[in-house]
Amino acid sequence: MHHWLVKTEPDSYSIDDLARDKVTSWDHVRNYQARNYLRQMALGDQVMIYHSSVVPPGVVGLASVSRAAYPEAAQFDRSSRYFDPVATKENPRWFSPDLKFQQRFGGVLELQALKGHKELQEMVLLKRGSRLSVQPISVEEFKIICRLASKL
DNA sequence: GCCAACGTTGGC
DNA sequence: GCCAACGTTGGC
C-alpha cells in the first residue's frame with residue numbers, strides 16, 4: 001500500500017465537500033507528474049487531503065482510493081475549461097481515481113506545524129518551490145502526520 | 001496583491 | 001533542442 005497527499009483549494013472542493021459526497025472523482029489535474037502519480041494509486045491507498053491557497057494552509061483529513069485511475073470525463077467535454085482537444089477516447093490524456101472520504105481532522109494541521117517537524121523535512125510538500133498537487137508520502141510521514149492530527 | 005518558482009508553448 | 005515568453009501555483 002502506498003500513501004499520498006493531494007492538494008485542493010477548498011473554495012473549489014473542500015474536505016467538507018468530500019465528506020458530503022462520500023466518494024468523488026479526483027479530476028481536473030492538468031500536470032503530467034501529478035497525473036502519473038494519480039495513475040499509480042491503487043485500491044486502498046491512503047490519501048491525505050491538503051487545503052491550499054487558504055489561511056492557514058494545511059492537512060485537513062484522510063481519504064482512501066476506492067477506484068484506480070480511469071479516463072477523466074472533463075477532457076472530452078467541449079464546454080469544460082478542462083477540455084483537452086488532443087485527448088480522445090481511444091487515447092485519453094488525463095486520468096482520475098475515485099477517492100473515498102475517511103475522516104476529517106479536528107482542525108487544520110497547518111503547513112507551519114509540518115515545517116517545524118524534523119522527521120517531515122523530506123516531504124515533497126516542504127521542498128522549495130514545490131507546486132505538485134499529487135505527491136507520494138512515506139508511511140513514516142503518514143504516521144507522524146496522523147499522530148500530530150490526533151492532537152488537534 | 002505580490003512574486004518566486006516552476007511548467008508549457010512555440011519560434012527558430 | 002534551445003530558450004524566451006507566458007501562464008499557473010500557492011505561500012505570504
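Order of the sequence lines sets the chain letters (A, B, ...), proteins ahead of strands, with each chain counted from 1. Since this is a predicted model, take the numbers as computed values, not measurements.
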Would you indicate whether the side-chain heavy atoms of A/R30 and A/E72 approach each other to under 4.5 Å? yes
Can you tell me the distance, in whole Å, between the CZ atom of A/R93 and the C1' atom of B/dT8? 11 Å
Separation of C/dT9 atom P from A/K7 atom NZ, nearest Å, is 10 Å
Using distance alone, with no hydrogens and no angle criterion, decide if A/W26 and A/D98 have a side-chain donor and acceptor under 3.5 Å apart. no
Applying a 4.0 Å non-hydrogen cut-off, can you work out what A/K127 is touching in the nucleic acid: base, sugar-phosphate, or nothing? nothing
From NE2 of A/H28 across to P of C/dT8 the rounded distance in Å is 16 Å
Rounded to whole Å, CD of A/E110 lies from C1' of C/dC12 at a distance of 13 Å
Does C/dT9 have OP1 or OP2 sitting under 4.0 Å from an N or O in the side chain of A/Y50? no
Figure out the CE/C1' separation between A/M123 and C/dG11, and round it to whole Å. 16 Å
Is it the case that A/R67 places NZ or CZ above or below the six-membered ring of A/Y70, under 6.0 angstrom from the centre and within 45 degrees of the axis? yes
C/dT9 C1' sits how many Å from A/Q135 CD, rounded? 12 Å
Within this structure, what is the CD-to-P distance between A/Q112 and C/dC12, rounded to whole angstrom? 6 Å
The reported gap from CG in A/L126 to NZ in A/K115 (rounded to nearest 0.5 angstrom) is 7.5 Å
Choose from B/dT8, C/dT9, C/dG11 the nucleotide whose nearest atom is closest to any side-chain atom of A/R131. C/dT9
Euclidean distance, atom CG of residue A/L132 to atom P of C/dG10 [Å, nearest integer]: 9 Å
